[in-house]
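What follows is a single structure, written as structure tokens, with notes after it.
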Amino acid sequence: MDQAQCLPVDGRLELDNNRSERAIKPFVIGRKNWLFANTPQGARSSATIYSLVETAKENGLNPLTYLTYLFEQLPNIDAKDPQALDRLLPWSDPVQARCRVPAKPTRPA
């Protein structure tokens with residue numbers, strides 16, 4: 001079967017790659033910004049922060065609220081508690097309760 005013939009049969013297939021291109025746009029912008037990292041350590045630090053921000057977005061969190069929460073909580077965690085870092089992960093219940101982006105209200109039809 002020709003691949004183009006699958007499109008009318010399966011409505012889940014998209015005709016373009018706009019969603020994919022939007023998903024990688026932050027990486028393209030970041031790649032340009034990373035050219036200005038002066039040292040390898042600076043580049044690693046930028047990549048770490050970028051990774052935290054993108055992970056927060058993917059988990060429906062407000063990145064600024066999440067980073068603020070992390071900077072408030074990290075100095076106070078018990079390093080000997082194996083669950084301490086788990087409670088700071090973006091999918092944990094306490095983080096979701098504090099940092100989740102509120103759902104947009106739906107308009108009546």
Side-chain angles (χ1 to χ4, degrees):
M1 177 184 247
D2 184 49
Q3 291 176 343
Q5 291 177 341
C6 293
L7 291 174
V9 176
D10 190 346
R12 296 173 298 166
L13 299 176
E14 296 185 25
L15 296 174
D16 58 32
N17 66 345
N18 287 341
R19 184 183 302 188
S20 300
E21 295 212 4
R22 281 192 310 272
I24 65 168
K25 187 174 182 178
F27 292 100
V28 173
I29 293 170
R31 184 181 64 201
K32 237 179 195 187
N33 291 337
W34 297 328
L35 293 173
F36 299 104
N38 292 335
T39 64
Q41 181 60 38
R44 277 192 292 278
S45 297
S46 294
T48 300
I49 294 295
Y50 184 75
S51 178
L52 285 169
V53 167
E54 290 302 313
T55 303
K57 287 185 203 175
E58 285 299 314
N59 283 279
L61 304 179
N62 177 320
L64 178 59
T65 306
Y66 180 55
L67 288 174
T68 303
Y69 180 76
L70 288 179
F71 292 141
E72 290 171 350
Q73 298 299 315
L74 281 171
N76 304 317
I77 66 167
D78 178 12
K80 295 179 183 177
D81 179 11
Q83 301 299 317
L85 286 177
D86 287 348
R87 289 189 292 271
L88 297 177
L89 294 174
W91 45 85
S92 71
D93 292 334
V95 171
Q96 287 287 323
R98 172 110 183 250
C99 305
R100 187 124 183 108
V101 173
K104 292 182 182 178
T106 56
R107 294 184 181 178

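One-based numbering along the sequence shown.
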Q: State whether the side chain of D81 and the backbone N or O of I77 hold a donor-acceptor pair below 3.5 Å, judged by distance alone.
A: no

**Q.** Interatomic spacing from CG in L67 to CD1 in I49 - rounded to 0.5 Å
**A.** 6.0 Å

Q: Heavy atoms only: give me the nearest A84-D78 pair and the separation to one decimal.
A: CB-O, 3.6 Å

Q) So, for P63 and A56, which heavy atoms are closest and what is the spacing to 0.1 Å? A) CA-CB, 4.1 Å

Q: Look up atom CD in E72 and atom CZ in R98, then write down how far apart they are to the nearest 0.5 Å.
A: 5.0 Å

Q | Salt-bridge criterion met for R87 and D93 (N-O under 4.0 Å) | A | no

Q: Measure across Y66 and C99 and return the closest heavy-atom pair with its distance rounded to 0.1 Å.
A: CA-SG, 3.7 Å

**Q.** P94 versus Y69, closest heavy-atom pair with distance
**A.** CB-OH, 4.0 Å

Q: Show your working on side chain to side chain contact (heavy atoms under 4.5 Å, CB included) between L74 and L85 and close with a plain yes or no.
A: CA-CA 8 Å; L74 281 171; L85 286 177; 4.1 Å; yes

**Q.** L61 versus V95, closest heavy-atom pair with distance
**A.** CD1-CG1, 3.6 Å

Q: Please assess N62 against K57 for the test side chain to side chain contact (heavy atoms under 4.5 Å, CB included), listing each intermediate value before the final yes or no.
A: CA-CA 7 Å; N62 177 320; K57 287 185 203 175; over 6 Å; no

Q | Spatial distance of atom OG (S51) from atom CZ (R44) [nearest 0.5 Å] | A | 14.5 Å

Q.
Once rounded to the nearest 0.5 Å, what's the spacing between atom CD of Q83 and atom CG of L88?
A. 11.5 Å

Q.
Which heavy atom of D86 sits nearest to which heavy atom of S92, and what is that distance?
A. O-CB, 3.5 Å

Q. When you look at CD of E58, are more than 12 heavy atoms from neighbouring residues, nucleotides or ligands closer to it than 6.0 Å?
A. no

